[in-house]
Amino acid sequence: RKCRPPGKFLQTTTTVSPGAALPPPLYPIIPDAQTIIMASSITMYCDEYHCSAGCVLFRFDTPSPQICILRNNRSKEYVLPKGHKDLGESIEDAALRETYEETGWPCEFLPTNIVTRAPPPGGSSGEMAKEAVAATREAIAVTLRNLDGKPGSTKLVFWYIAQITSTKQHQNTQMETEDLEAQFMDAEEAIRTLSRPGDRDVARRALDLVNKTRAALAAQGPPSKS
């Protein structure tokens, strides 16, 4: 039987959303073994992976919610905005910075009702998934990419939900090496247009969370005047 060398994994892309059922564990192949050994934990050092962050960026000043996607004019792909975390930068700050740089749209995190295993401050262990109302700085998903690639190619992408804070798009915000065209589309059309299944899944989850949050706010009605 042919076996892959240690450290190689069978899955290539896995997206995990808070509250969702976890996928099967990663299975490293042990040379000369006749069985697949289940790995309960995997350690990667900082020179063995890339840490990235991005946003599903919404605007609501249109008849229906719109999502911003990027056309990569070199690869011809349509993708969500994301990029590498800089040294010393938080993942949350990286998500907003990269989204702004790649799209040109000033933005902020969008408070959204999510189901998460993160406990509230001072709370007990987050073993059970619970709803967090108006969560702002929480990732809705983490994508693992290139798990079977060459050493150092593994990428972790943290995804957030954001909204624009200005009706004016800034120009010349991209790096010289980037050639991206930002386009806002009707949310459903944007999801269909995205080239990567993983991006479509993340955008779909973001839209569902946004719609449920907006419906919950509408059901509450306007705040009462004291």
Side-chain angles (χ1 to χ4, degrees), residues 11-23 52-84 94-116 135 138-147 155-171 173-174 178-218:
Q11 292 150 302
T12 56
T13 300
T14 302
T15 300
V16 181
S17 300
L22 293 177
S52 297
C55 293
V56 181
L57 179 61
F58 285 85
R59 70 182 304 167
F60 301 101
D61 56 348
T62 52
S64 61
Q66 293 189 347
I67 292 176
C68 184
I69 64 176
L70 298 170
R71 183 181 189 274
N72 188 321
N73 291 322
R74 294 172 180 166
S75 68
K76 311 304 180 186
E77 282 187 304
Y78 287 88
V79 298
L80 293 173
K82 71 175 188 317
H84 286 90
L96 289 179
R97 175 185 57 76
E98 285 288 349
T99 299
Y100 167 70
E101 288 179 359
E102 292 192 345
T103 69
W105 288 98
C107 57
E108 64 183 4
F109 290 127
L110 175 63
T112 310
N113 299 351
I114 64 172
V115 176
T116 177
E138 298 296 322
I140 65 164
V142 180
T143 299
L144 309 180
R145 290 181 175 166
N146 302 331
L147 294 180
K155 179 181 290 187
L156 289 75
V157 186
F158 292 80
W159 295 106
Y160 298 80
I161 300 177
Q163 63 182 345
I164 61 172
T165 57
S166 172
T167 57
K168 182 179 180 181
Q169 182 185 24
H170 296 177
Q171 303 299 316
T173 58
Q174 297 178 14
E178 295 174 325
D179 187 7
L180 305 169
E181 180 183 346
Q183 305 176 33
F184 267 106
M185 297 182 181
D186 174 81
E188 293 289 349
E189 180 184 1
I191 293 172
R192 292 192 298 268
T193 303
L194 287 166
S195 300
R196 299 176 180 176
D199 282 9
R200 292 196 294 269
D201 291 344
V202 170
R204 168 59 61 191
R205 172 56 68 95
L207 178 60
D208 289 345
L209 291 172
V210 167
N211 285 338
K212 290 178 181 178
T213 301
R214 287 161 62 88
L217 290 174

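Model, not experiment: these values are computed from the prediction. Residue numbers start at 1 and run along the sequence shown.
- Listed here is the closest heavy atom pair of Thr103 and Cys68: CG2-SG, 3.9 Å.
- Checking side-chain atoms of Arg200 against main-chain N and O of Leu194 turns up a donor-acceptor pair under 3.5 Å.
- Using a distance-only test at 3.5 Å, with no hydrogens or angles considered, a donor-acceptor pair links the side chain of Ser195 to the main chain of Tyr78.
- With Asp199 as the fixed residue, the salt bridge (Lys or Arg N to Asp or Glu O under 4.0 Å) test singles out one of Arg192, Arg205, Arg204, Arg145: Arg145.
- Between Pro106 and Tyr100, the closest heavy-atom pair is N-CD1, 3.7 Å.
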*Verify side-chain contact (heavy atoms from CB on, under 4.5 Å) between Ile161 and Val210, making sure each step is shown before the conclusion.*
CA-CA 9 Å; Ile161 300 177; Val210 167; 4.0 Å; yes
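- Within the model, atoms OG of Ser64 and CG of Asp186 stand 4.0 Å from one another, a figure rounded to the nearest 0.5 Å.
- Expressed to the nearest 0.5 Å, how far CE of Met185 lies from CZ of Arg59 amounts to 13.5 Å.
- Residue pairs meeting the ring-ring contact (aromatic ring centres under 6.0 Å, His included) criterion with at least one member in residues 185-205, sequence neighbours excluded, do not occur.
- Annotation: side chain of Arg71 is in contact with side chain of Gln183 (closest heavy-atom distance under 4.5 Å).
- Residue Lys212 holds its NZ atom at 14.5 Å from CG of Leu217, rounded to the nearest 0.5 Å.
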*Could you go step by step and tell me if Glu181 and Leu70 meet the side-chain contact (heavy atoms from CB on, under 4.5 Å) rule?*
CA-CA 5 Å; Glu181 180 183 346; Leu70 298 170; over 6 Å; no
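- The side chain to side chain contact (heavy atoms under 4.5 Å, CB included) search around Ala135 returns Ile114, Ala132, Glu138, not counting sequence neighbours.
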*Please assess Trp159 against Thr143 for the test side-chain hydrogen bond (donor to acceptor under 3.5 Å, both in side chains), listing each intermediate value before the final yes or no.*
CA-CA 8 Å; Trp159 295 106; Thr143 299; 2.9 Å; yes
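- For the residue pair Ala53 and Glu98, the shortest heavy atom distance occurs at O-CB, 4.1 Å.
- The side-chain heavy atoms of Ile69 and Val79, taken from C-beta on, include no pair separated by under 4.5 Å.
- In this structure, Phe60 has its ring center under 6.0 Å from that of Phe58.
- For the atom pair CZ (Phe184) and CG (Leu57), the distance works out to 4.0 Å, reported to the nearest 0.5 Å.
- When side chains are defined from C-beta on, Leu209 does not count as touching Asn113, because their heavy atoms never get closer than 4.5 Å.
- Checking side-chain atoms of Glu102 against main-chain N and O of Lys82 turns up a donor-acceptor pair under 3.5 Å.
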*Applying side-chain hydrogen bond (donor to acceptor under 3.5 Å, both in side chains), run through Glu108 and Gln163 and close with a yes or a no.*
CA-CA 6 Å; Glu108 64 183 4; Gln163 63 182 345; 3.1 Å; yes
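- To the nearest 0.5 Å, atom NE2 of residue His170 and atom CD of residue Glu101 are 13.0 Å apart.
- Atom SG of Cys55 is separated from atom CG of Leu80 by 9.5 Å, given to the nearest 0.5 angstrom.
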*Passes side-chain contact (heavy atoms from CB on, under 4.5 Å), Asp61 versus Thr167? Steps please.*
CA-CA 9 Å; Asp61 56 348; Thr167 57; 3.9 Å; yes
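- Contact detail for Thr99 and Gly54: the closest heavy-atom pair is OG1-C, 4.1 Å.
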*asked:* If you apply the rule side-chain contact (heavy atoms from CB on, under 4.5 Å), what do you find for Glu189 with Ile67, and how did you get there?
replied: CA-CA 9 Å; Glu189 180 184 1; Ile67 292 176; over 6 Å; no
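- Phe109 and Tyr160 have tilted rings, their planes meeting at an angle from 30° to 60° on a 0 to 90° scale.
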